[in-house]
Each structure stands twice: as structure tokens, then as C-alpha cells.
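Everything on this sheet refers to the single structure shown next.
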Amino acid sequence: MQDGLHSSNESLYQLVQTLLEVYRYESGAMQLSLEEHNLEKMIEGVVLELQPLAKPKNIKIVTDISMRPCVAICDIGEIKRVIQNFIDNALKFTESGGRITVSLEQIDGQSVIKVTDTGKGINEEDQAKLFQRFWQATSGGRYYASTGLGLYLCRKIIELHGGRIWCESILGKGSTFAFAIGKVNSAISQQK
Ligand SMILES: Nc1ncnc2c1ncn2[C@@H]1O[C@H](COP(=O)(O)OP(=O)(O)OP(=O)(O)O)[C@@H](O)[C@H]1O
Ligand SMILES: [Mg+2]
């Protein structure tokens, strides 16, 4: 009972945080705090933090980091939030025994982060709608305190960084959610 209360409080707290943050981005009030950060350290930290949610579902979360150190100029708290959202979704839509891989590579001077799952996948028609506000697939049931704002907020965060966000998926096989930040249209020149 205590645990149940704690987790529903936590869900509501997260929901309010997400709503506030969406509002901040939409109103143009969001100011990124841009600094040089080590992306691989942050990724390893997020994966460690989320392991306790994966264990009971018998899902493995692993990292695949091809470049060390991988430094990017970004708002690390916001970029962390994007990865948390991707992994949160991957955990929701992947069956027991599945696998989630968080990868980091540098392509043409950009840092590219991908979260790949072995979950239910998304059909092509739905892929086009994923990053819209409040969008959720109709099948498969809704989750308590889930609003369909997670990926929309991720898009806002990456766009303000001057980056690109996308999804590749095959229905029934799994999905990859990815973003690229840095260099091209750098966030710094956007904020100046
Ligand atoms: N890894 C994934 N595999 C399959 N479907 C996904 C995946 N990630 C997202 N989706 C689909 O995209 C929808 C929108 O995702 P989004 O993160 O925006 O909202 P949500 O997870 O439903 O709610 P919230 O993030 O607010 O808790 C999901 O409801 C689901 O239908
Ligand atoms: Mg979500």
C-alpha cells in the first residue's frame, strides 16, 4: 500500500513536471544552460539509475559507446531527460525478456544517441505522429498518468538545441528512437 501510494505520488509529480516544462518550451521562456559535458558519463549514469525499473520486467538495458570521451555542448539536464523518456517508453512497450540498447557515436562532428528496444514496434502511419502533442497509439492500453507528452517534450528539447530527433521502427520487431546534437546549426549560435 505504502509502495503504491509512493509510486502514484511519484507519477503525479512527474506529470506536473512534464506539463510545466512543456509550458516553458511553448511560451519561449525556456533558457538552456549550455556547457561542455561528457555524454558517455551521463548515459552510463542514466542506465544505472533505471536498472531497478528494468529488473522486475526481466529486461536488460545495455550501453554501446563507440567514442570516449564524447564531449558535447548542451544542457545536460535536458538531454538526460530525453534519454530517460526514451528508456521509459522502451520499458513500457517491451515484453519481458527483451533488451534495450543505449548507443552513443559521433557522426560528422555530431553526437548521435539512440535507444533501441526489442519491443512491439510502431507501424509506419503511427511513426509520423509520434512527436505530436498528446499522441498515443490507441491499441495496447493506456498507462496511469501517461499523457502522450513525453516525445513531444523530447522534440522541443532537441529542437532548442538545434538538433534532430527521429524514430525508426518495424512493427513487431522493435524501435529505435534517436537524436543528434552539436555542430550543425549549433545551439550556441541559435541562442545568440
Ligand atoms: N519504444 C516504443 N515502442 C512502441 N511504441 C512507442 C514507443 N515509444 C513511444 N511509443 C508510442 O508513442 C506514444 C507516445 O509516446 P510518449 O512518450 O509521447 O507518450 P506516453 O509514453 O504514452 O506518455 P508519457 O510519456 O506522457 O508518460 C506512446 O503512447 C506509444 O503509443
Ligand atoms: Mg513516454
Side-chain angles (χ1 to χ4, degrees), residues 13-54 61-91 100-117 127-133 135 147-169 175-192:
Y13 175 76
Q14 291 301 336
L15 176 61
V16 172
Q17 288 300 318
T18 302
L19 286 171
L20 281 175
E21 213 179 347
V22 164
Y23 185 65
R24 231 173 261 136
Y25 275 91
E26 289 188 340
S27 67
M30 186 62 200
Q31 285 285 328
L32 295 178
S33 163
L34 294 170
E35 274 173 44
E36 269 195 10
H37 289 283
N38 237 318
L39 293 179
E40 76 275 12
K41 277 199 187 142
M42 181 269 290
I43 289 171
E44 276 158 356
V46 174
V47 168
L48 210 63
E49 276 166 34
L50 294 177
Q51 289 294 359
L53 299 180
I61 313 182
V62 297
T63 56
D64 176 7
I65 293 170
S66 70
M67 172 137 176
R68 286 167 194 272
C70 183
V71 175
I73 296 172
C74 63
D75 185 322
I76 198 74
E78 296 298 291
I79 293 299
K80 184 174 172 186
R81 190 177 252 278
V82 175
I83 299 168
Q84 283 168 331
N85 267 312
F86 283 179
I87 299 178
D88 180 58
N89 284 343
L91 283 169
I100 298 171
T101 307
V102 186
S103 72
L104 169 65
E105 54 194 326
Q106 286 239 295
I107 302 172
D108 297 335
Q110 287 205 296
S111 304
V112 180
I113 294 173
K114 295 181 179 169
V115 175
T116 300
D117 64 56
Q127 282 176 40
K129 304 174 196 153
L130 283 170
F131 298 99
Q132 291 172 15
R133 203 162 52 154
W135 188 84
T147 55
L149 282 172
L151 289 176
Y152 174 72
L153 180 57
C154 292
R155 171 159 76 90
K156 290 279 168 196
I157 293 170
I158 297 305
E159 282 177 355
L160 196 60
H161 276 83
R164 188 168 80 86
I165 188 167
W166 71 96
C167 166
E168 289 156 16
S169 181
S175 311
T176 295
F177 282 82
F179 64 87
I181 52 167
K183 206 173 159 193
V184 186
N185 287 333
S186 105
I188 286 200
S189 61
Q190 281 216 344
Q191 284 221 327
K192 268 184 185 159

Exercise answer: donor-acceptor pairs, residues 42-51 side-chain atoms, under 3.5 Å, sequence neighbours excluded:
{"unit_1": "Glu44", "atom_1": "OE2", "unit_2": "Arg68", "atom_2": "NH1", "d": "3.2"}
{"unit_1": "Glu44", "atom_1": "OE2", "unit_2": "Arg68", "atom_2": "NH2", "d": "2.8"}
{"unit_1": "Glu49", "atom_1": "OE2", "unit_2": "Lys80", "atom_2": "NZ", "d": "3.3"}
{"unit_1": "Gln51", "atom_1": "NE2", "unit_2": "Ile61", "atom_2": "O", "d": "3.0"}

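- Leu34 CG to Ile76 CD1: the interatomic distance, rounded to the nearest 0.5 Å, is 11.0 Å.
- Applying the side chain to side chain contact (heavy atoms under 4.5 Å, CB included) criterion to Ser169, with sequence neighbours excluded, gives Ile122, Gln127, Cys167, Ser175.
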Q: For Tyr25 and Glu78, run side chain to side chain contact (heavy atoms under 4.5 Å, CB included): C-alpha distance rounded to whole Å, both residues' side-chain angles, the deciding distance at 0.1 Å, then the answer.
A: CA-CA 12 Å; Tyr25 275 91; Glu78 296 298 291; 2.6 Å; yes
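- To the nearest 0.5 Å, the span separating CG on Asp88 from CD1 on Ile100 amounts to 9.5 Å.
- Under the side chain to side chain contact (heavy atoms under 4.5 Å, CB included) criterion, Val16 pairs with Leu20, sequence neighbours left out.
- Of all heavy-atom pairs spanning Phe179 and Ile158, the tightest one is CD1-CD1, 3.5 Å.
- Residues satisfying the ring-ring contact (aromatic ring centres under 6.0 Å, His included) test with Phe86, not counting sequence neighbours, are Phe177.
- Lys129 pairs by the salt bridge (charged side-chain N to carboxylate O under 4.0 Å, His left out) definition with Glu125, Asp126, not counting sequence neighbours.
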Q. Given the rule in the side chain to side chain contact (heavy atoms under 4.5 Å, CB included) test, do Glu21 and Arg81 qualify, once you have shown the distances and angles that lead to the verdict?
A. CA-CA 11 Å; Glu21 213 179 347; Arg81 190 177 252 278; 2.6 Å; yes
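- Gln106 and Ser111 make their closest contact through NE2-OG, 3.0 Å (heavy atoms, listed as atom of the first residue, atom of the second, distance).
- Under the side chain to side chain contact (heavy atoms under 4.5 Å, CB included) criterion, Asn89 pairs with Lys92, Phe93, Leu151, not counting sequence neighbours.
- You'll find the side chain of Ile73 stays beyond 4.5 Å of the side chain of Ile181, heavy atoms only.
- Here Arg164 pairs with Trp166 under the side chain to side chain contact (heavy atoms under 4.5 Å, CB included) rule; sequence neighbours left out.
- For the salt bridge (charged side-chain N to carboxylate O under 4.0 Å, His left out) test, no residue two or more places apart in sequence or in another chain qualifies with Glu40.
- Distance CD1/Ile157 to SG/Cys74: 11.0 Å, rounded to 0.5 Å.
- Under the side-chain hydrogen bond (donor to acceptor under 3.5 Å, both in side chains) criterion, Thr116 pairs with Thr176, not counting sequence neighbours.
- Rounding to the nearest 0.5 Å gives a distance of 10.5 Å between CE of Met67 and CG of Leu39.
- One distance of note links OG1 of Thr18 with CG of Leu153; it measures 6.5 Å at 0.5 Å rounding.
- Applying the salt bridge (charged side-chain N to carboxylate O under 4.0 Å, His left out) criterion to Lys114, with sequence neighbours excluded, gives Glu105.
- Contacts of Arg24 classified as salt bridge (charged side-chain N to carboxylate O under 4.0 Å, His left out), with partners at least two apart in sequence or in another chain: none.
- Under the rule for a side-chain hydrogen bond (donor to acceptor under 3.5 Å, both in side chains), Gln84 has no partner lying at least two apart in sequence or in another chain.
- In this structure, Leu104 CG and Cys70 SG are separated by 4.0 Å, a value rounded to the nearest 0.5 Å.
- Residues Leu32 and His161 are in side-chain contact: their nearest non-hydrogen atoms beyond the backbone lie under 4.5 Å apart.
- The main-chain N or O of Leu149 is found under 3.5 Å from a side-chain atom of Thr147 such that the two form a donor-acceptor pair.
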